[in-house]
Structures are given as C-alpha cells and as structure tokens.
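Here the structure comes first, spelled out in structure tokens, and everything after it is commentary.
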Amino acid sequence: MSAQDSLYRRLLVWLLLPLLGLGALMLFQAYLGARDTADRAFDRLLEASSLAIAEQVKWQDESLWLDLAPAALEMLATDAEERVFYALYNAQGEFITGNANLPGLSASDEQSLYYDNVTWNGQHLRVGVREARLEDWSQRERFEVRVAHTREGRERLTQDLFQGSLVRVAIMALLAACTLVLTIRFALSPLTRLRRAIRERDPRTLAPLELDLPRELAELRETLNELLARMRRVRANQERFIGDASHQLRTPLAGLSARAELALRQENPSLWRDALKAMQATSASTARLAVQLLSMTRLNNPETSPELVPLDLNQVARTATLGALGACHRDGIDLGVEAPEEETLIHGVSWQLEECLVNLIDNARRYGARRITVRVLTEPPTLEVEDDGPGIPAELRLMVLRPFSAVATRAKVLVSAWPSSTASPVLTMPV
C-alpha cells in the first residue's frame, strides 16, 4: 500500500481484510457443519435400515434366512438416486445373502452399530455394520448386517445446507461491510471538517483554529495552532526587520541624495571632492549596514540550519582582525591579535563568528576605543574583544542585545564560543 493512499482507503482495507478472513472461516465451519449434519441424517437412515433388516433375519433349515421387506431399502432411496447395498453374514463372517459382498469394518469398541467411509469397486460408500443375534428361545446365533449406499444423497444434502448457510453469511457480510463503510465515514468526518476549515481559511491570516474535534484530532489542531503561532512570530520578525532595514537605510540614502544635490549646486572642484569623500564614507557605511542586515536575515531564518564544521579560533580571529584593520588604521586605533601557537578547535560556523568579531571591533572603534585587542583563550575555547573605551552605563547595558541600538559609550565586551556538536556555538556577553 503506497504512502499516497487515502486514510479512508487504508482503514477500509485493513478492516475488511480481517472481516473477509472471518467470513471465509465461517463458511468453512458452515461447510463442515453441513457435512456433519448430512452424515448424521443419513447415518440414522442406515441405522433404521439395518435394524429393519436385522428384525427380518430368522433361523431356518439349520441356517440363517432373510426375508427382506422392500421398505427396509426404500428408506435409503432419495432423489439423488444413489445405489443401495446390503449383505448378511454369519458369526464366522461368511456371506449368507444380499445384493453385494460388502467389506467389513473393524469395530473400535463394543458398539453394536458403527460406520465408516470405504472405497469398494471404484465407488465411495458409507457403510453401516450392525452386530446382532437371533432372539429365538432355542437359537441365539450371532450375525452381522451390512448396509451401504453411495454418497450422492449426502453430498446433495450437504450442498443444500451449505448454500443456505452461504446465503446467510453473505447477507451478514454485506450488512457488516455497509456498516463498516458508514462507520469509517462517520469516524473520519471530523478530519474532513478540519481539512475544509484549513482550505477555506484566508491565506493571509495566522489566527489559531477554533474547531470542536475528537481528542486525537484536537492534538493535531493544537499542533497546527503552535505552528501558526511560530509563523506569527516569524512574520513579526520579518516585519520588524523590514521596518528596521527601511529605517536604517533611509537615513544614509537620503544623506547621499542630499550630498549629491548639494555638490551639483557648487562650482568649486574642491567642494566636489569633499562631497565625494563624504558620499564614499556614507556608501561604505551603508554597504556595511546592508551586510549586517543580510547576516541578521540569515540568522533569523528558521529554515536555515548551517552545518557545524571544525574551526580554528586563531584563524577566525586573524581573519576578522584583518578585515577591520583598514578602518582602525584610518582612525588611528591600535588593533592587534593575541592567540596561542597551537590550534584552538571548536565546531561552529566561521562566517557567524567572524561577523560577530567584526561587529564588536566596529562598535569599539565607533565609541571611543583607542586600543582594541582580539584575544583567543584555550581553556575553555574563548574569543575575547577587549578595548579601552569609556564603557556602557549599567542602565543601558540591556540595549546591547537589541538590533540597531546605539549608546554614547562602549565598554569591554567578552564573547565566548563553546564547542557543541548539536547546535551553533553559544555566544555570551558577560558585562
């Protein structure tokens, strides 16, 4: 059964299969019951016929003698036109009279009447053997009456009884199948209502689902509501990001436009040069801001889970320092790296750590630092950015954790990168 089959079809198949197996078992039992019933009915006829024949056995002329009445065999005759046989044997097993020399049976106990199925002259017979004795006061000779008939009548009666059972079982199976189909449809109706409710929702709304459902589907509804809540948070983050990006980019772009417009009104080339320098600085700041916005988007994307790879913190520190060296040199800031000679390995994402270090160096450069040191510690593996700036007032320190927040001063900031095999490195900012 493929994964694309409907739940309704799966339930129907897996419930109908045991039902069909049970129906087949019932039919088999019905056939066995019909056969046993037919055997018992015809065995009673064999018993009556053998008793009628035994009652006609007499002792005459120093031997057993049988005057068979026609009714003794007619009771075995049915519409199936099976063949009927009888035979009389004395105590020594010698054939006395009859229309066939029937085979004998071995009695399993002390019963006077017993039956068995035999094959005689290519015919399948049901044989009944009755052991009896003469009830004359002067003669108590033992004898044996054997009566047999072919199985046509038994098989026809078995077939008739089985067909009756077959009709009843078929009607019961049809009723059970109809009941099963209706029950499955009724049981799956809440799932259909849930599907319709989801399909009819406005794709722009992320409001939770309010629908009365059974307990099992209520858990699915709550799971969907949790997903919708996460999507609301993601959308809120996206809207906040768009707002922050538009706010942060609007000012430098407006400054670029104003500088260009002002430069176009001037005739002095030296003023043009000053305007171009200012526009270049603004463009660099805007490009840096765009990179930060893109990095924030990548970090906030729930669909993105970067693979952790082995990293050398020494190399990460040197790469980040090299990227910020030009800006620090222009501002007259002493930027350096302190790293051990041996490798300091963790599992992480290189661009995230480098971006974090570059941001910390850039913040220290902007807010009064004259000396910045990027330090790598081995126990535990740690990246540390230390500067000699004036620090952050205690009441403004929580703002450091907010995007695009700026304060008048900046203090020493410590960043620790702890190795982990299942998540991104944990970045902490102890004050």
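Nothing here was measured: the structure is a model prediction, and the numbers come from that model. Values below: every heavy atom of this structure, side chains too, minus hydrogens, waters and symmetry copies.
- If you take OG1 on Thr378 and CD on Glu343, they are separated by 13.0 Å, rounding to the nearest 0.5 Å.
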### Task
Give the intermediate values and the outcome of side-chain contact (heavy atoms from CB on, under 4.5 Å) for residues Val309 and His347.
CA-CA 5 Å; Val309 297; His347 284 80; over 6 Å; no

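- The two residues Tyr115 and Leu105 make their nearest non-hydrogen contact at C-CD1, 4.0 Å.
- No side-chain heavy atom of Val358 sits under 4.5 Å from any side-chain heavy atom of Thr321.
- Remark: side-chain polar atoms of Asn314 are paired, donor with acceptor, to backbone N or O of Glu342 under 3.5 angstrom.
- Under a cut-off of 6.0 angstrom, the local environment of CG in Asp202 is crowded, with over 12 non-hydrogen atoms contributed by other residues, nucleotides or ligands.
- Salt-bridge check for Asp39 with Arg126: failed, with every basic side-chain N at 4.0 Å or more from each acidic carboxylate O.
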### Task
Report the C-alpha distance between Arg130 and Leu51 in whole Å, list the side-chain angles of each, state the deciding distance to 0.1 Å, and finish with yes or no for side-chain contact (heavy atoms from CB on, under 4.5 Å).
CA-CA 8 Å; Arg130 175 181 292 274; Leu51 180 59; 3.8 Å; yes

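- If you take CD on Gln29 and CE on Met26, they are separated by 10.0 Å, rounding to the nearest 0.5 Å.
- A pairwise comparison of heavy atoms in Ala30 and Phe162 identifies C-CD1, 4.1 Å as the closest pair.
- Considering OG1 of Thr373 and CG of Leu335, their distance stands at 8.0 Å, rounded to 0.5 Å.
- Annotation for Arg196: atom CZ does not count as buried by contact number, only 12 or fewer foreign heavy atoms lying within 6.0 Å.
- Side-chain contact between Arg83 and Gln123: present, with at least one pair of heavy atoms (C-beta onward) separated by less than 4.5 Å.
- Nearest heavy atom pair, residue Glu141 against residue Leu64, reads CG-CD2, 4.0 Å.
- Residue Arg35 holds its CZ atom at 13.0 Å from CD of Gln159, rounded to the nearest 0.5 Å.
- In the displayed structure, Glu341 atom CD is contacted under 6.0 Å by at most 12 heavy atoms of other residues, nucleotides or ligands.
- Atoms CZ and CG, from Arg230 and Leu206 in turn, are 12.5 Å apart once rounded to the nearest 0.5 Å.
- No donor-acceptor contact under 3.5 angstrom links the side chains of Glu384 and Thr382, judged on distance only.
- A 4.5 Å side-chain heavy-atom check between Tyr86 and Val145 finds every atom pair outside the cut-off.
- With a 4.5 Å cut-off on side-chain heavy atoms, Thr119 and Leu125 do not count as touching.
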### Task
Test Asp160 against Arg156 for salt bridge (Lys or Arg N to Asp or Glu O under 4.0 Å), laying out the working first.
CA-CA 6 Å; Asp160 293 340; Arg156 176 174 293 184; 5.8 Å; no

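- Between Asp36 and Arg40 there is no salt bridge, since no side-chain nitrogen of the basic residue lies less than 4.0 Å from a carboxylate oxygen of the acidic one.
- Contact between Pro18 and Leu15 at its shortest, heavy atoms only, is CD-O, 3.4 Å.
- Using a 4.5 Å cut-off on side-chain heavy atoms (C-beta onward), Ile53 and Gln56 make no contact.
- Taken to the nearest 0.5 Å, the CG atom of Leu313 stands 14.0 Å off from the CZ atom of Arg375.
- If you check the side chains of Arg151 and Asn117, you find a donor sitting under 3.5 Å from an acceptor.
- Salt bridge annotation for Asp43-Arg154: present, with a cationic side-chain nitrogen under 4.0 angstrom from a carboxylate oxygen.
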### Task
Report the C-alpha separation of Arg10 and Val13 in whole Å, then their side-chain angles, then the decisive distance to 0.1 Å, and conclude whether the side-chain contact (heavy atoms from CB on, under 4.5 Å) test is met.
CA-CA 5 Å; Arg10 289 189 177 190; Val13 169; 6.0 Å; no

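- Using a 4.5 Å cut-off on side-chain heavy atoms (C-beta onward), Leu209 and Arg201 make contact.
- In summary, the side chains of Arg168 and Ser165 do present a donor paired with an acceptor at a separation below 3.5 Å, with no hydrogens or angles considered.
- Listed for the Ser50 side chain is a donor-acceptor partner under 3.5 Å among the backbone atoms of Glu47.
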### Message
Does Leu353 form a side-chain contact (heavy atoms from CB on, under 4.5 Å) with Ile346? I'd like the steps, not just the answer.
### Response
CA-CA 11 Å; Leu353 291 176; Ile346 66 167; 3.9 Å; yes

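- Across all non-hydrogen atoms, the minimal contact from Ala34 to Leu161 is CB-CB, 3.5 Å.
- Within the 4.5 Å cutoff, side-chain heavy atoms of Val57 are placed close to those of Phe143.
- Cation-pi check for Arg146 over Tyr89 is met; the charged atom lies under 6.0 angstrom from the ring centroid and within 45 degrees of its normal.
- Between the side chain of Ser49 and the main chain of Leu46, no donor-acceptor pair closer than 3.5 Å is present.
- The two residues Ser350 and Leu311 make their nearest non-hydrogen contact at N-CD1, 3.5 Å.
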